[in-house]
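Inspection log for the structure reproduced underneath, given as structure tokens.
Residue numbers begin at 1 in each chain, while the letters A, B, ... track the order of the sequences. Bear in mind that the values here come from a model prediction, so they are computed numbers and not experimental data.
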Amino acid sequence: MTDQSNRFEADHAVAADMPILSVRGLGVTFDGERERPFGPPKKIQALDNITFDLERGKTLGLVGESGSGKSTLGRAILRRLPISEGRVIFDGRDISNVKGEALRRLTRDIQLIFQDPYTSLNPRMKVLELIAEPLLVHGLVSSLEEARDQVGELMRLVNLPLDALDRFPHGFSGGQRQRIGIARALALKPRLIIADEPVSALDVSVRAQVVNLMQDLQQELGLTYVFIAHDLSVVRHISHDIAILHRGHMVEMAERDALYDTPEHPYTKVLLSAVPEPDPALRRNGDCALEAHRPPELNLSGPGCRYRDCCDKSGGHCQREAPPFAKHRGGHWAACWHVSTD
Amino acid sequence: MANAHPTPILEVRDLCVEFDTMAGLVQGLRGVSFSVMPGETMALVGESGSGKSVTAQAIMGLIGLPGRISSGDILWKGQSLLTREGQKAAGKLRGKSVSMVFQDPMTSLNPLMTIGAHLIEVLRRHMGLSKDKAFARGVELLDAVGITEPKRRMGQYPHEFSGGMRQRVMIALAIACEPELLIADEPTTALDVTIQAQVLDLLADLQKSMGLSIVLITHDLGIVAGLCEKVAVMYAGSIVEAGTAKTVFDHAEHPYTQGLIRSTPRLDDRRARLISIDGAPPSLLHPPKGCAFQSRCPVSSRQCDEKPARQATPEGGSVSCWTPSVAAWSEPSESPTGGQAR
């Protein structure tokens, strides 16, 4: 326990000024259907040319709709997927190609919080076993009893009662289960946590409890988060920077308030306008203004901007050439030809 | 619209539903009363387990064993649906005059039937149309819910549709028989935000053009504010507060409603922390004798050991609380700094 926490602090001191996570030109390709039997499978580009830096102790909110590649990006950083292009640099070390024992050790530093606390916890394991499992797997403790103290400490961190240790997960509410999931992720003292929609399955009143807990833990333990979400409502409160994904491309990235106050990319504006606001004054009047943004078949082939068919500003330039993901005024990163002419 | 018809289209009076389980008698609904006027949109809001879906199921006659309606009444245009004659009439009513959109469009359609077959089945059974006429009407309906190329789509299977498209098909099925009341049970929970906005716009549009009454069940206050005129907030099997959307959002009386509104994230909210309602709802196996919200309420007192009666509010709503209209939650230290509404 002690030498592990030393390792923890020592690494912190060595490279405090460099980003803990750098992603450079990351691409992930999946094999799709074969066009003919035994023929080569069609390639599906799930992520294309993703580049960003994440500083220590900060949170990156990763927002996109289903199929945008947000979970794929999370899993690529965790190295649960083969990376086809580009590099992932964690703590100054290129981890794009690590395998075997090195990859296993890497999972101590990068952990995952799952979306659905109802299906991600084994119903036949007690809370003690669930939280101690990562410790046992990585050989940090040799028996459950030995882990009991450490698990108790983790339970305290996530505000769970100690008498919960010997109970099964079915007796807990959604919020409590997600706390168990968080305690499990914290067990190995990771430095980077990928949280894949950790509150999407929870009730509104409980959502806030979990988000606030994650913020407290970040302060207390100096954690870095990648917080994946499918809309822009909760991420504002936890993120320092927010990146928007659309069909495997990053279309905009900016500091939190800049993104909400002056969104640059048309897709970001659509996402913002789609969030239902708890204010009767902003009542829907039944005009389908968003209809234009989702044509049934997106044309993704050929040159040009990927968003061109959904965009009302789309012009000749957008058809001919894809806009680069470049830095614009106010620290905004965006992939759009219209950003500076706005 | 509503004024021409003095009797409510649907009235629920003091409805109690019990589930006889192995663990004991679970009181799913504990005296729910509300009414819906023709052309009106009402929201039932609450956390999971608060009884909102059970209410919908009771109206649709879908409460199966081990559940049963133990007391109370459901009236359709003044006629009880629970008496013997009423039950006969209800069978014809349900699916025709009252229809329901279920939460999960992925599992509510039969994967072995084409979309056309779904629509034709409903139209032939309830409207008595011939096969050809039913097909033509089905094409019209798909067109009405914004599905492109409806003729081709009629011959396709559910797996060929995206989530949003399937939910549109579900809505097309629900409005196929020109119902007077549509019950939508979390119709957008499984959808992306942009698709959610489209489905909500579609509902608002249908409501206007068909003069439909809608009971919308949701846990998201943002959706309520965007679509509904009236709101009933449910907690632990009862309605704790009801009123027009405007009064409930602007002058929430019940501490739970106040907490719910405050814990819903807003886009223009710059607070670093979300406000949460600590604790969890009580078990309905042994519901508390007094106010169900007592254990989580910041302003509870000795009086709350007794169940508060439902009382009218000055704004024309109703609330069940001993100390209504007290500002229950202290303001957070960082107050939101005037973000502009978009």
Side-chain angles (χ1 to χ4, degrees), chain A residues 63-68 159 172-176 201-213 215-216 230-238 256-257 260-261 267 269-291 293-297 310, chain B residues 47-48 146 148-149 163-165 188 191-198 200-209 219-228 244-246 248-250 256 259-261 263-278 280-281 296 339-342:
Chain A
V63 181
E65 296 182 84
S66 35
S68 63
N159 304 329
F172 295 92
S173 68
Q176 287 173 318
L202 303 178
D203 273 314
V204 179
S205 69
V206 182
R207 235 173 240 192
Q209 290 175 16
V210 173
V211 170
N212 290 343
L213 171 69
Q215 282 179 310
D216 291 341
H230 65 265
D231 69 31
L232 280 164
S233 62
V234 176
V235 278
R236 173 161 205 166
H237 298 267
I238 192 164
R256 165 182 63 183
D257 288 338
Y260 282 86
D261 295 344
Y267 181 61
K269 293 177 189 169
V270 168
L271 276 185
L272 277 170
S273 69
V275 173
E277 288 261 36
D279 184 352
L282 304 171
R283 215 181 128 137
R284 313 207 146 266
N285 45 19
D287 60 342
C288 295
L290 290 158
E291 205 71 50
H293 293 279
R294 269 291 172 120
E297 300 293 329
C310 321
Chain B
E47 297 179 58
S48 33
T148 49
E149 295 183 71
M165 295 289 239
T188 59
L191 306 177
D192 275 328
V193 263
T194 54
I195 311 296
Q196 164 172 296
Q198 289 171 15
L200 293 176
D201 277 340
L202 172 65
L203 284 175
D205 210 22
L206 289 172
Q207 200 240 340
K208 256 200 287 189
S209 59
H219 64 264
D220 187 339
L221 283 174
I223 293 173
V224 178
L227 199 65
C228 302
T244 63
K246 197 164 167 23
V248 169
F249 278 93
D250 292 350
Y256 176 65
L260 209 55
I261 291 172
S263 59
T264 303
R266 296 181 62 120
L267 288 180
D268 55 9
D269 183 352
R270 285 162 181 275
R271 276 183 314 226
R273 285 180 81 80
L274 286 167
I275 298 148
S276 63
I277 306 176
D278 288 333
R296 300 170 83 185
Q340 314 87 359
R342 285 165 299 106

Between B:Val193 and A:Ala274, which heavy-atom pair has the shortest distance, and what is it?
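The pair with the smallest heavy-atom distance is O-CB, 3.7 Å.
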Side-chain contact, heavy-atom cut-off 4.5 Å: A:Pro276 with B:Gln196?
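A side-chain contact under 4.5 Å exists here.
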Looking at B:Glu47 and A:Val204, would you say the former's side chain and the latter's main chain have a donor-acceptor pair under 3.5 Å?
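It does not hold such a pair.
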About how many Å separate OG1 of B:Thr194 and NE2 of A:His230, when rounded to the nearest 0.5 Å?
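Reported to 0.5 Å precision, the distance equals 10.5 Å.
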Closest-packed option against chain B by number of heavy-atom pairs under 4.5 Å, given A:Leu232, A:Asp216, A:Leu271, A:Val210
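Ranked by contacts with chain B, first place is A:Asp216.
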Under 4.5 Å from a heavy atom of chain B, the part of A:Val211 involved
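Side chain only.
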